[in-house]
Undergrad: 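Below are the structure tokens for one structure; questions will follow.
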Amino acid sequence: EKALVYDIDQAFLNEFFRPGYDLILNPHDPRHVNWNLWQEGHERSDFRRMAESLIPNTTDGTESFWPQAARILLSEALHKLDTPGVTTRHLLQTLFHDDAELRKVLEKSVISSLISSPIDNKVLSSIKATLGVYCDGLHDIKEDLQKPFFSIRDWLQQPDDRWLFIATTPNEKATLIPLISLWINTTIQHVLSLNTQIPLWFFIDEFPSLHKLPSIMDFLSRGRKFKGSLVAAVQSLAQLESVYGPKDSEVLMGLFGTWL
């Protein structure tokens with residue numbers, strides 16, 4: 001059966017990876033698949049979900065303006081730049097190094113009123129500073145436009161038993177956690193929306209090391225209908241509460257069918 005393995009110290013990778021057959025998502029690994037954000041959707045709602053995965057909600061349910069604005073900025077940029085041949089490098093160049101181009105790209109978007117003139121430079125700079133905290137991993141994405149792209153969506157629809165390893169190291173983790181959280185939440189979203197009925201296992205080591213996953217509650221309550229199963233390692237409830245807060249952590253733990 002298919003499996004997605006989040007492997008924080010590559011122990012599973014070293015033991016179970018089948019060279020030439022299984023797949024790896026890690027831009028620091030030479031075996032990393034050819035991937036970018038536009039492979040996982042083209043609707044504004046798709047990009048909004050990606051932004052929510054990359055830039056997490058707070059544990060207490062309150063939200064400040066800056067994370068919300070950063071999500072809107074990223075999702076609108078992804079939507080507006082969704083053209084053949086677009087690359088992650090182009091996205092980052094537009095977001096962080098060319099304010100004039102960014103304003104042009106986002107003209108008439110839902111965020112344009114906040115950044116439409118040079119007078120708003122301070123607001124734009126603050127939004128970009130918030131966004132930049134979570135975009136480190138994207139700087140490592142290097143697409144090859146001459147090679148076929150990999151898509152999590154397509155992988156889920158193929159009736160094979162290839163495993164997808166999201167394998168990192170403790171040194172890489174801090175940079176890649178936002179991107180890893182995006183990959184895992186995107187996979188969950190695809191499972192719930194595609195309804196392929198192809199069995200899929202999630203094996204997630206050190207679950208609280210990830211951002212708060214927007215779709216995890218929905219998956220744990222409904223994933224069985226789509227032949228999805230999840231095994232998560234948690235060292236302590238306090239770790240989980242630091243990410244999800246006390247109330248959501250209690251609900252989350254209650255949704256798991258078996259504890260060991």
Side-chain angles (χ1 to χ4, degrees), residues 25 27 35-83 85-143 172-186 188-189 209-216 242-245 248:
L25 276 169
W35 176 91
N36 66 27
L37 292 160
W38 294 278
Q39 305 310 309
E40 306 305 335
H42 298 283
E43 301 297 328
R44 181 177 273 108
S45 58
D46 296 325
F47 298 127
R48 183 61 64 87
R49 282 192 290 268
M50 293 180 200
E52 288 174 352
S53 304
L54 196 73
I55 305 168
N57 290 321
T58 58
T59 59
D60 61 4
T62 62
E63 279 287 38
S64 73
F65 166 79
W66 303 113
Q68 293 185 58
R71 290 186 204 111
I72 296 171
L73 179 65
L74 176 60
S75 60
E76 287 296 310
L78 285 166
H79 184 250
K80 296 289 187 178
L81 292 172
D82 186 12
T83 56
V86 66
T87 64
T88 304
R89 181 179 180 181
H90 183 196
L91 170 70
L92 295 173
Q93 176 69 26
T94 303
L95 284 172
F96 297 111
H97 302 293
D98 193 338
D99 286 357
E101 176 66 14
L102 181 59
R103 288 188 171 95
K104 181 179 178 181
V105 166
L106 297 180
E107 188 178 4
K108 297 182 180 180
S109 72
V110 295
I111 201 171
S112 61
S113 61
L114 289 174
I115 62 171
S116 58
S117 74
I119 297 174
D120 302 313
N121 276 342
K122 189 173 182 180
V123 172
L124 179 57
S125 295
S126 296
I127 297 172
K128 288 165 57 176
T130 302
L131 178 60
V133 171
Y134 300 101
C135 284
D136 265 4
L138 291 178
H139 289 274
D140 297 318
I141 299 294
K142 303 291 189 295
E143 305 96 315
E172 298 167 350
K173 184 179 73 170
T175 299
L176 292 180
I177 282 299
L179 187 55
I180 291 170
S181 300
L182 183 151
W183 283 329
I184 293 175
N185 197 72
T186 295
I188 290 172
Q189 278 288 334
S209 69
L210 299 169
H211 285 175
K212 186 176 183 179
L213 302 178
S215 302
I216 189 65
S242 70
V243 179
Y244 287 86
D248 281 352

Undergrad: As a quick check of understanding, evaluate side chain to side chain donor-acceptor pair (under 3.5 Å) for Gln189 and Ser215, giving each step before the final call.
TA: CA-CA 7 Å; Gln189 278 288 334; Ser215 302; 2.4 Å; yes
Undergrad: State, to 0.1 Å, how close Ser53 and His211 come at their nearest heavy-atom pair, and which atoms those are.
TA: O-ND1, 3.6 Å
Undergrad: So, using side chain to side chain donor-acceptor pair (under 3.5 Å) as the criterion, who are the partners of Ser209 when residues are at least two apart?
TA: Tyr6
Undergrad: Between the main-chain N or O of Gly245 and the side-chain N or O of Asp248, is there a donor-acceptor pair closer than 3.5 Å?
TA: no
Undergrad: Test Asp46 against every option in Arg49, Arg48, Arg44 by the side chain to side chain contact (heavy atoms under 4.5 Å, CB included) rule and name the one that passes.
TA: Arg49
Undergrad: To the closest 0.5 Å, what do you measure between NE2 (His42) and NE2 (His79)?
TA: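 The distance works out to 10.5 Å.
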Undergrad: Can you measure from CZ (Phe96) to CG (Leu102) and round to the nearest 0.5 angstrom?
TA: 9.5 Å
Undergrad: Using a 3.5 Å distance criterion without hydrogens, assess whether the side chain of Arg71 forms a donor-acceptor pair with backbone atoms of Pro56.
TA: yes
Undergrad: Asp140 vs Leu179, test: side-chain contact (heavy atoms from CB on, under 4.5 Å). Steps then yes/no.
TA: CA-CA 10 Å; Asp140 297 318; Leu179 187 55; over 6 Å; no
Undergrad: Rounded to the nearest 0.5 Å, how far does OH of Tyr134 lie from CD1 of Ile55?
TA: 7.5 Å
Undergrad: With distance as the sole test, does Glu143 use its side chain to make a donor-acceptor pair with the main-chain N or O of Thr88 at under 3.5 Å?
TA: yes
Undergrad: Quick one: does Leu213's side chain get under 4.5 Å of Ser181's, heavy atoms only?
TA: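 Yes - at least one pair of side-chain heavy atoms lies under 4.5 Å apart.
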Undergrad: Kindly determine whether Lys128 and Asp99 satisfy side-chain contact (heavy atoms from CB on, under 4.5 Å), including the steps that lead there.
TA: CA-CA 10 Å; Lys128 288 165 57 176; Asp99 286 357; 2.5 Å; yes
Undergrad: Within the distance-only criterion (no hydrogens, no angle test), does the side chain of Trp38 pair as donor or acceptor with the backbone N or O of Thr87 below 3.5 angstrom?
TA: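 Not at all, since once roles are kept as given, no pair shorter than 3.5 Å links the two residues.
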Undergrad: Go through it in stages, so that I can follow the logic: the residues are Trp183 and Glu40, the test is side chain to side chain donor-acceptor pair (under 3.5 Å), and I'd like the CA-CA distance, side-chain angles, deciding distance and then a yes or no.
TA: CA-CA 10 Å; Trp183 283 329; Glu40 306 305 335; over 6 Å; no
Undergrad: Say you draw a straight line from CG of Leu81 to CG of Leu91; how long is it, rounded to the nearest 0.5 Å?
TA: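 Nearest 0.5 Å value for the CG-CG distance: 6.0 Å.
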